[in-house]
Amino acid sequence: MSSTESAKPSKLPPFAAADPLGIDDLLGPDDLAIRDTVRTWATDRVLPHIAEWYEKGELPGIRELARELGALGALGMSLDGYGCAGASAVQYGLACLELEAADSGIRSLVSVQGSLAMYAIHRFGSEEQKQRWLPGMAAGEIIGCFGLTEPDHGSDPAGMRTYAKRDGEDWILTGRKMWITNGSVAGVAVVWAQTDEGEDGRGIRGFVVPTDAPGFSAPEIHHKWSLRASVTSELVMDEVRLPADAVLPDAKGLRGPLSCLSHARYGIVWGSMGAARASFESALDYARSREQFGRPIGGFQLTQAKLADMALELHKGILLAHHLGRRMDAGGLRPEQVSFGKLNNVREAIEICRTSRTILGANGISLEYPVMRHATNLESVLTYEGTVEMHQLVLGKALTGLDAFR
């Protein structure tokens, strides 16, 4: 027998419409177990109710959901110690995909809790801050939020107006933050503010703020057409007095909040593909059963072209997310690469939702199907954690070496 004949592959497995590239072959048993556990939870606890929650514009029982997510190990799951699961970046990404396949609002709850609020304390906080807050946050007993965006400053956080001034050993925090996920139900807020500390007399610092502090309030934002099954709030700080140990000791300047955002954006790279997958699967099932002109619409060439193009972008996006996850686990993921993933995957996810809607026809706008809900949610995902334009400029600067932000 020749070496060529001995190297011939055994019988190929059948083509899997759910995994056409065989990406599951890259996952280990623990990866698959975590993915399946989160998928089962989302199927049982979110999908039966999400259309009603979305239509009413509320997320009832958010504290119970947070505790259940904590019991799953989904809160701060890629962090080590303090009750966190210490999962890999890929495993965290798989969880984000499954959560957003249910709804972007559920994934946002987990991302803000773990990748923003908990990550900030875990990476930049003192040991006392970590011990005080992280175990309760990992268990879902304490919900956290992250205050960076302001009414007049989103893409340019360096221009923030929230200000913290010294008063003896204390800090006095004053300002407003806008579009803050979890704000109205949070027990702790990580708030970023200008201070007089810094070489030029201005220095951005992070503060760990108990939300029961006098002068702190978080009115909920209503009348949203996107992320309706999510708690979104304004944070108002009216001369909130904080002790000296409220400041995050290892976060100075914009490096702190931007590194948190990079961690959260990574979760979006995966999560957006969950919304896309749910929409694609809905369109595929519909195309197999909906009959026009005497046969299923999936048998027409134009419909098959749409399905093929959507499958290409969906699984290319998942493969990109997996690649970035492996780089993060190896310690080699750059912020520019996260921008690459966020820009591509959210943009393609929205297009998949829109194309899926055309296959469903008029039914595509009904909450009986998930497509329009995912499409409207993704309009927010496209904007938060960096707009399309900001990620284009990040990549443009990396490619040319020229800064076009100003």
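Worth knowing before you read on, the calculation uses all heavy atoms, side chains too, and leaves out hydrogens, waters and symmetry mates.
Atoms CD1 and CG, from I350 and N345 in turn, are 11.5 Å apart once rounded to the nearest 0.5 Å. H323 contributes atom NE2, which lies 11.5 Å from atom CZ of R326 (distance to the nearest 0.5 angstrom).
Residues in residues 131-151 take part in these salt bridge (Lys or Arg N to Asp or Glu O under 4.0 Å) pairs, two or more places apart or across chains: E150-K177. Residue pairs that meet the salt bridge (Lys or Arg N to Asp or Glu O under 4.0 Å) test with at least one member in residues 101-126, sequence neighbours left out, are E100-R107, D103-R373. Sequence neighbours left out, the pairs with a member in residues 269-281 that pass salt bridge (Lys or Arg N to Asp or Glu O under 4.0 Å) are E98-R277, R277-E281. Residues in residues 291-308 take part in these side chain to side chain donor-acceptor pair (under 3.5 Å) pairs, two or more places apart or across chains: K306-T358.
Applying the side-chain hydrogen bond (donor to acceptor under 3.5 Å, both in side chains) test to S230 and every residue at least two apart in sequence or in another chain returns nothing. Residues satisfying the ring pair (Phe, Tyr, Trp, His ring centres under 6.0 Å) test with Y384, not counting sequence neighbours, are none. Under the ring pair (Phe, Tyr, Trp, His ring centres under 6.0 Å) criterion, H322 pairs with no residue, sequence neighbours left out. For R357, there are no side-chain hydrogen bond (donor to acceptor under 3.5 Å, both in side chains) partners at least two apart in sequence or on another chain. The side-chain hydrogen bond (donor to acceptor under 3.5 Å, both in side chains) check on R35 picks up D24, with sequence neighbours excluded. Applying the side-chain hydrogen bond (donor to acceptor under 3.5 Å, both in side chains) criterion to R161, with sequence neighbours excluded, gives D152.
Between W270 and Y266, the ring-plane angle classifies as perpendicular under the 30° and 60° cut-offs. Ring geometry for H263 versus Y119: interplanar angle under 30°, hence parallel rather than tilted (30 to 60°).
Here the closest non-hydrogen pair linking V46 and A102 is CG1-CB, 3.8 Å.
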Report all side-chain donor-acceptor pairs from residues 205-213 shorter than 3.5 Å, counting only partners two or more places apart or in another chain.
residue: R205; atom: NE; partner: A251; partner atom: O; Å: 2.9
residue: R205; atom: NH1; partner: E197; partner atom: OE1; Å: 2.8
residue: R205; atom: NH2; partner: L248; partner atom: O; Å: 3.1
residue: T211; atom: OG1; partner: A186; partner atom: O; Å: 2.7
residue: T211; atom: OG1; partner: G187; partner atom: O; Å: 3.4

Return a table of donor-acceptor pairs under 3.5 angstrom between the side chains of residues 75-90 and protein atoms on other chains or two or more places apart.
residue: Y82; atom: OH; partner: E127; partner atom: OE1; Å: 2.8
residue: Y82; atom: OH; partner: E127; partner atom: OE2; Å: 3.0
residue: S88; atom: OG; partner: Q91; partner atom: N; Å: 3.0

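No side-chain donor from either of S279 and S356 sits under 3.5 Å from a side-chain acceptor of the other.
For the pair R39 and W41, the cation-pi test (distance below 6.0 Å, angle within 45°) is failed.
Between E313 and K316, at least one side-chain nitrogen of the basic residue sits less than 4.0 Å from a carboxylate oxygen of the acidic one, meeting the salt-bridge criterion.
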